[in-house]
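First listed ligand is number 1; within each ligand, the first listed atom is number 1.
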Amino acid sequence: MKKQHEFATRAIHAGQEPDPSTGAIMTPIYATSTYVQKSPGKHKGGLAAMATALEVLESGSHIVANDDLYGGTFRLFDKVRRRSANLDFAYIDLTDAEDFERVIKSNTRMVWIETPSNPLLKLIDLEAIAKTAREHEIISVCDNTFATPWIQRPIEAGFDLVIHSATKYLNGHSDLVGGVVVVGENKELGDQIALLQNSVGAIAGPFESFLVMRSLKTLALRMERHCSNAIEIARWLEEQPQVKSVSYPGLKSHPQHDLARQQMRGFGGMVTIVLKADIAGTKRFLENTRLFSLAESLGGVESLINHPVLMTHASVPREQREALGVTDSLVRLSVGVEDVRDLIDDLKTAIEAI
Ligand SMILES: *Cc1c(COP(=O)(O)O)cnc(C)c1O
């Protein structure tokens with residue numbers, strides 16, 4: 001039997017035959033609203049991917065989610081679906097997977113996790129969560145945006161659904177917004193998602209799909225560079241006297257470094273640091289990088305720097321933020337694929353400005 005190709009090869013060739021009518025090597029896009037033949041639509045747009053995944057549940061279901069979720073996910077859960085579908089959410093720290101079993105109720109139908117988490121880069125044991133979910137017939141969902149399928153494969157660890165913000169690493173060039181739902185072996189769940197796609201209409205436009213497919217061809221190359229740049233930067237930051245702590249799954253100092261080695265192929269491009277500075281010093285640091293652009297989002301080829309308290313996590317109440325460890329001197333880096341020596345020089349200049 002022919003062995004399956006490796007990741008980097010599949011990224012370029014899987015599901016992408018030359019266009020049968022013209023032989024175009026790139027997947028063509030057609031400016032048409034109808035097709036004589038059936039056309040499969042696998043992608044969905046933005047938070048529409050998550051919204052559709054939630055719609056497999058009956059109203060009134062209970063969902064267990066980890067406590068430091070992407071803000072937009074929390075908003076969809078708490079501000080929309082709690083009201084419109086009477087969904088009930090438990091937000092807990094799932095770094096100890098045994099805590100999951102303790103909060104399962106008779107109406108728990110889904111567990112929703114992110115690993116590494118944002119912005120603290122805490123990890124969750126994928127196999128342990130999937131096993132407990134299966135034992136209790138709970139649908140398991142992993143938002144794999146931070147890791148990408150190159151680094152981490154939740155379906156192979158037993159998960160039912162994987163969600164990606166294609167806006168981030170999958171597309172990687174900061175020029176579109178899109179999302180993807182991936183279904184594992186569960187055919188019934190796949191049919192249910194397909195029915196929802198057709199009924200609700202969460203489908204990505206052809207140009208966005210074209211751009212993401214083009215970008216996936218270099219996902220493996222980009223991720224290798226994101227990972228090698230990030231670990232070098234994380235190690236360098238750990239040695240700087242102005243830096244109080246560095247969170248990066250690839251560092252030996254990360255409390256779950258062993259789990260990271262087990263379930264991740266690389267450790268990703270996200271690095272979170274706490275500076276030895278007050279809010280004014282932290283702002284000076286943020287204002288003095290040149291290559292790291294001060295902006296929300298992540299996962300593009302260009303490096304970004306973000307201050308969660310003032311930017312991505314501003315909507316989380318201070319008390320809750322601080323209980324999680326998201327403080328004024330915490331800074332999140334999305335390490336791009338530039339030359340790492342330039343990136344380190346850039347951070348050095350910014351540290352000197354503190
Ligand atoms: C950005 C992000 C999303 C939402 O994606 P958009 O494509 O921006 O709507 C979801 N989950 C995670 C972990 C993210 O970082």
For [X], the ligand 1 atoms whose distance to one of its heavy atoms is below 4.0 Å:
X      : value
Thr167 : 6 (P), 7 (O), 8 (O)
Phe146 : 15 (O)
Gly178 : 7 (O)

**Request:** For Lys187 and Asp191, run salt bridge (charged side-chain N to carboxylate O under 4.0 Å, His left out): C-alpha distance rounded to whole Å, both residues' side-chain angles, the deciding distance at 0.1 Å, then the answer.
**Result:** CA-CA 6 Å; Lys187 168 128 186 1; Asp191 289 345; 2.9 Å; yes
**Polar side-chain atom of Ser334 near backbone of Gly299 as donor-acceptor pair, under 3.5 Å** =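 Such a contact is found between Ser334 side chain and Gly299 backbone.
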**Request:** Evaluate the salt bridge (charged side-chain N to carboxylate O under 4.0 Å, His left out) criterion for residues Glu135 and Lys131: first the C-alpha distance (whole Å), next the side-chain angles of each, then the deciding distance (0.1 Å), finally the verdict.
**Result:** CA-CA 6 Å; Glu135 283 164 8; Lys131 182 164 172 282; 3.4 Å; yes
May I ask whether [X] places a heavy atom under 4.0 Å from ligand 1?
X      : answer
Met50  : yes
Gly299 : no
Asn118 : no

**Request:** Closest by any non-hydrogen atom to atom 5 (O) of ligand 1: pick that one out of Ser165, Ser334, Ala166.
**Result:**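 When every heavy atom of Ser165, Ser334, Ala166 is considered, Ser165 comes closest to atom 5 (O) of ligand 1.
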**Message:** As a check for students: among Asn171, Leu47, Leu170, Thr145, identify the option with a heavy atom nearest to atom 9 (O) of ligand 1.
**Reply:**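 Looking at heavy atoms only, Leu47 sits closest to atom 9 (O) of ligand 1.
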**Request:** Using distance alone, determine whether Thr73 and ligand 1 share an N or O pair under 3.5 Å.
**Result:**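 Between Thr73 and ligand 1, no N or O pair is found under 3.5 Å apart.
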**Request:** Measure the acute angle between the ring planes of Phe267 and Tyr248, then classify it against the limits of 30° and 60° as parallel, tilted or perpendicular.
**Result:**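 Phe267 and Tyr248: perpendicular rings.
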**Request:** Report yes if some heavy atom in the side chain of Tyr70 is under 4.5 Å from a heavy atom in the side chain of Ser165; otherwise report no.
**Result:**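 No; the side chains remain at least 4.5 Å from each other.
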**Message:** Taking the side chain as everything from C-beta on, heavy atoms only, tell me whether Leu69 gets closer than 4.5 Å to Trp112.
**Reply:**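 Contact flag for Leu69/Trp112 side chains = yes.
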**Prompt:** Any chance NZ of Lys244 has more than 12 other-residue heavy atoms, nucleotides or ligands included, within less than 6.0 Å?
**Reply:**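 No.
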